[in-house]
S.K.: 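Can you read through this structure? Questions will come right after.
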There are 2 protein chains.
Amino acid sequence: MAAHRQDPAVPARRARSAAPATIAEVAAEAGVGKATAARALGNYGAVSPDARARVLAAAEKLRYRPNSLARSMTTGVTQTIGVIVADISNPFFAGVIRGIADALDATQYTAIVLSADEKLAKEKAAVGVLMDKQVDAIILASAALLPDQTEHILEAMSRNIPIVLIDRKVRGLDLDAVVINNREAARDAVRRFVELGHRRIGFVWGPAVRDGARDRAGVLAAAEIRLWSETERLRGYTEALDEAGIPFDPVLVTSCDHNEEATVGAFGAMLALPDPATAVLTTETDALVGTLRAIRDAGLKHPDDISIIGFDDSSWASVMAPPLTMIAQPMLELGRAAARHALARITGDDFDVVVETIPAALVPRASLAPPRAPAGVTAGGGR
Amino acid sequence: MAAHRQDPAVPARRARSAAPATIAEVAAEAGVGKATAARALGNYGAVSPDARARVLAAAEKLRYRPNSLARSMTTGVTQTIGVIVADISNPFFAGVIRGIADALDATQYTAIVLSADEKLAKEKAAVGVLMDKQVDAIILASAALLPDQTEHILEAMSRNIPIVLIDRKVRGLDLDAVVINNREAARDAVRRFVELGHRRIGFVWGPAVRDGARDRAGVLAAAEIRLWSETERLRGYTEALDEAGIPFDPVLVTSCDHNEEATVGAFGAMLALPDPATAVLTTETDALVGTLRAIRDAGLKHPDDISIIGFDDSSWASVMAPPLTMIAQPMLELGRAAARHALARITGDDFDVVVETIPAALVPRASLAPPRAPAGVTAGGGR
DNA sequence: CTGTTAGCGCTTTCAT
DNA sequence: ATGAAAGCGCTAACAG
């Protein structure tokens, strides 16, 4: 019978009824010393075949399992890599996690995953938990925007815990990172629109900007204090416009909250313009879904009324009518690379900071078309 | 390529350069005994305000962080709940994880997540890892189909680790579980079809069945050795048919592999029948996507040519043209409930096994319509 | 209220 | 090749 003492601070020690066998018990059962048993079980040092066999048999009999806590206690190593994703319900991160796990499968390491739900406070707590659990490295998709939001990362660094950033670089931090070529991917997408003849190209989601500051400089400045990946995507957008000599029009960059509901309104407004968007690049799945709803609400159809390219391919995109052109992020690849870098750091190789950029791939489908001839102008492809 | 030292057994002990402060150091700095420091830091026992202040100051100064491994070592408790999901890239499980994390947020417990990728071998390894890490409880979405595939679960049970099953009961195991009302949800969906006048109702994904055994009994028998949730959904389907006096036609239940590609072919065949399906219930997102592709390939449209209801609502479903009627699984709720049950078990309450069933909700959208009048019969609703 | 002592289960010198 | 003993950082008895 387990004695239950309700001491609030200290949880009751687990009932020892089914206490697992310890190495001492295995040693006793096998008639050898603890050290010999440990060597046989741990497969190191030198053990006579005879002793080894007896130990293994005893372990089997007692259903011995090593207590990894105790092992880590003495070795100072947990064989565990902590992963903190910004939002586990984002399929992108789910894919990344899978990539990490895949890469680790071939090793003795295990990934333990925590989600910060895009909240800095939760991210900090998660880093704390992982440090306290003595993980050997941390793979982190951080929500930190500003340098003064990075104490938790600096703390981990000062404790010599290797950190690999994924998906998002953090401004002001010189850390290993694995990211997508966000800027180029966005630029290529916009180029695609330009080639088709579009000049009114929308961008969903841009940064929230105070109404007064809604000019090019204001928007770009606001983007600087957003997630690195968002900033990059917006930069790619502006670069492609510049290339094509298309003036930047802040009205074509949303300033709404980053959720589906708000997007419906924001993009609806963009469609109601006297000179509406004829093409749109969306930076996330929810941005795309909101955009699609706004298009439908306006009674419009893609690609006839508007061309679409979205970040984050999904099997759904292929069954839309017509199917959507998407930018596929190589999430598995990204996860695998992150795991590799973490492992390399753990090994202790003292190499320079490495930032690996993995290219996203445009998946062309049927959501692209030339812009409709503007009202009052007879149809018949201009160029 | 990083240099990999393949020392299989013993990883290098982490450099102690930035060795974190221990409680002994804090105690010394504060000029008190280890125990007093521990009490102050751990917020238990009785400590004089003066001593407490000094300890806290010292801890702050040395940037002390408790080593949770050491703590767990002596307390026998890790304040950690292990979560094993069948597939982390399935948005359903992502939502469940989030629900678990939400519920745990209010406690001292942390969830650590592992994905088994629907592979029994990985699941077993994951259970092993969690046992070795001494988690206080395990929340598990198991891929185990048969009683003889459950040794790992039995093992954990025999070690008195509370286990809460999610999404899938495991046949032959009497364990706490939190599940969806799969059978009723499927039955209601089919009833909906029946009410609209459908009598040729497809079911994607059914169990794989040897061609020879493709009769009602064969299909149901095959379903018995599939995931519990799948079995239930098929049962709901057959129950609704029985109710309506519609004969079970094995041709309307797929027997293909459970992936998108295979589904396209399988459902295509169902559409090519002389007496094709006029409605279809899909049990997973990939099943739905494959089905939609087959419909498109056949040049058909929903809901005119075929009505659709799918399991697992997604924001995508709402922007399909027309939007799809879906069965929304309350994943957050399910996760929260699972966490609650796990916590309750940890507390040691010795209650009976509890199975909580959370209802799924049909989200009606525009993908439902009466069947087209069969060829050669003039239109005009029969009943 | 506080310090001392004894472990938790494991790995690792260090003798033998 | 093997065993005895020390110790990882912490908490928990037990004295004071």
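Only this structure's heavy atoms are used, side chains among them; waters, hydrogens and symmetry mates stay out. Residue numbering restarts at 1 for every chain, and letters A, B, ... go by the order of the sequence lines.
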S.K.: For the residue pair B/S48 / B/D50, report whether a side-chain donor-acceptor contact shorter than 3.5 Å exists.
M.R.: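 The criterion, which ignores hydrogens and geometry beyond distance, is not satisfied for B/S48 and B/D50.
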S.K.: For a quick check under 3.5 Å, do B/R63 and A/S158 share a side-chain donor-acceptor pair by atom type?
M.R.: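 Short answer, yes.
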S.K.: Using every non-hydrogen atom in the two residues, find where B/A103 and B/A339 come nearest and quote the distance to one decimal.
M.R.: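 Closest approach of B/A103 to B/A339, heavy atoms only: CB-CB, 3.6 Å.
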S.K.: Heavy atoms from C-beta onward define the side chain here; which of C/dC10, D/dC10, D/dG3 lies closest to that of A/T36?
M.R.: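 Nucleotide nearest to A/T36's side chain: D/dG3.
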S.K.: Taking only the side-chain heavy atoms of A/A38 (C-beta and beyond), determine which of C/dG9, C/dT11, D/dA12 contains the nearest atom.
M.R.: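 That would be C/dT11.
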S.K.: Considering just the side-chain nitrogens and oxygens of A/Y44, establish if one lies under 4.0 Å of OP1 or OP2 belonging to C/dC10.
M.R.: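 Result: no.
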S.K.: Tell me if the side-chain of A/R65 makes a donor-acceptor pair with the base of C/dG9, cut-off 3.5 Å, by modelled atom types.
M.R.: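 No, no donor-acceptor pair under 3.5 Å.
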S.K.: What is the distance from CD1 of A/I23 to C1' of D/dT2, rounded to the nearest Å?
M.R.: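 For the pair A/I23 CD1 and D/dT2 C1', the rounded distance is 14 Å.
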S.K.: Please state how far atom CD in A/Q134 lies from atom P in C/dC10, giving the value in whole angstrom units.
M.R.: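 Rounding to the nearest Å, CD of A/Q134 and P of C/dC10 are 18 Å apart.
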S.K.: Taking only heavy atoms on the protein side, list every residue of residues 47-61 of chain B lying under 4.0 Å from any atom of DNA chain C, sorted numerically.
M.R.: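 When residues 47-61 of chain B is checked for heavy atoms under 4.0 Å from DNA chain C, the hits, listed by number, are B/V47, B/S48, B/A51.
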S.K.: Looking only at the side chain of A/V32 (C-beta and beyond, no hydrogens), which of the listed nucleotides C/dT11, D/dG3, D/dA12 gets closest?
M.R.: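 For A/V32, the side-chain atoms sit closest to D/dG3.
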S.K.: Round to the nearest Å and state the distance from A/K34 atom NZ to C/dC10 atom P.
M.R.: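 Computing the A/K34:NZ to C/dC10:P distance gives 9 Å.
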S.K.: Let me know the distance between CG of B/L41 and P of D/dT11, rounded to the nearest Å.
M.R.: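 Distance check: B/L41 CG to D/dT11 P gives 8 Å.
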S.K.: Within less than 4.0 Å of OP1 or OP2 of C/dT12, is there a side-chain N or O belonging to A/T74?
M.R.: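 Indeed not, no polar side-chain atom of A/T74 lies that close.
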S.K.: For the pair made of CG in B/N67 and C1' in C/dC8, what is the distance, rounded to whole Å?
M.R.: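 In whole Å, C/dC8 C1' lies 13 Å from B/N67 CG.
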S.K.: Hey, are B/K133 and A/T80 close enough side-chain-wise for a donor-acceptor pair under 3.5 Å?
M.R.: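 Yes.
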S.K.: Choosing from D/dG9, C/dT12, C/dC1, which nucleotide comes nearest the side chain of B/A46?
M.R.: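 Among the listed nucleotides, the one closest to the side chain of B/A46 is C/dC1.
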S.K.: On DNA chain D, nearest-nucleotide positions of B/L69 versus B/R39: which is more 5'?
M.R.: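 Looking at DNA chain D, the more 5' nearest nucleotide goes with B/L69.
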S.K.: Under a 3.5 Å distance rule, please check whether B/E123 uses its side chain to pair with a backbone N or O of B/A143 as donor and acceptor.
M.R.: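 Such a contact is found between B/E123 side chain and B/A143 backbone.
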S.K.: Nearest-nucleotide wise, let me know which of B/G31 and A/A35 is further upstream toward the 5' end of DNA chain C.
M.R.: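 Final value for this comparison: B/G31.
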S.K.: Tell me the interatomic distance from A/D132, atom CG, to D/dT11, atom P, rounded to whole angstroms.
M.R.: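 Result: 11 Å.
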S.K.: Pick one: which of B/D167, B/V354, B/V96, B/L334 meets side chain to side chain contact (heavy atoms under 4.5 Å, CB included) with B/V178?
M.R.: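 When side chain to side chain contact (heavy atoms under 4.5 Å, CB included) is applied between B/V178 and each of B/D167, B/V354, B/V96, B/L334, only B/L334 qualifies.
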S.K.: Okay, side chain of B/R345, backbone of B/F351: is any donor-acceptor separation there less than 3.5 Å?
M.R.: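 Such a contact is found between B/R345 side chain and B/F351 backbone.
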S.K.: Starting at atom CE of A/M73, determine the distance to atom P of D/dA6, rounded to an integer number of angstrom.
M.R.: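 That distance rounds to 18 Å.
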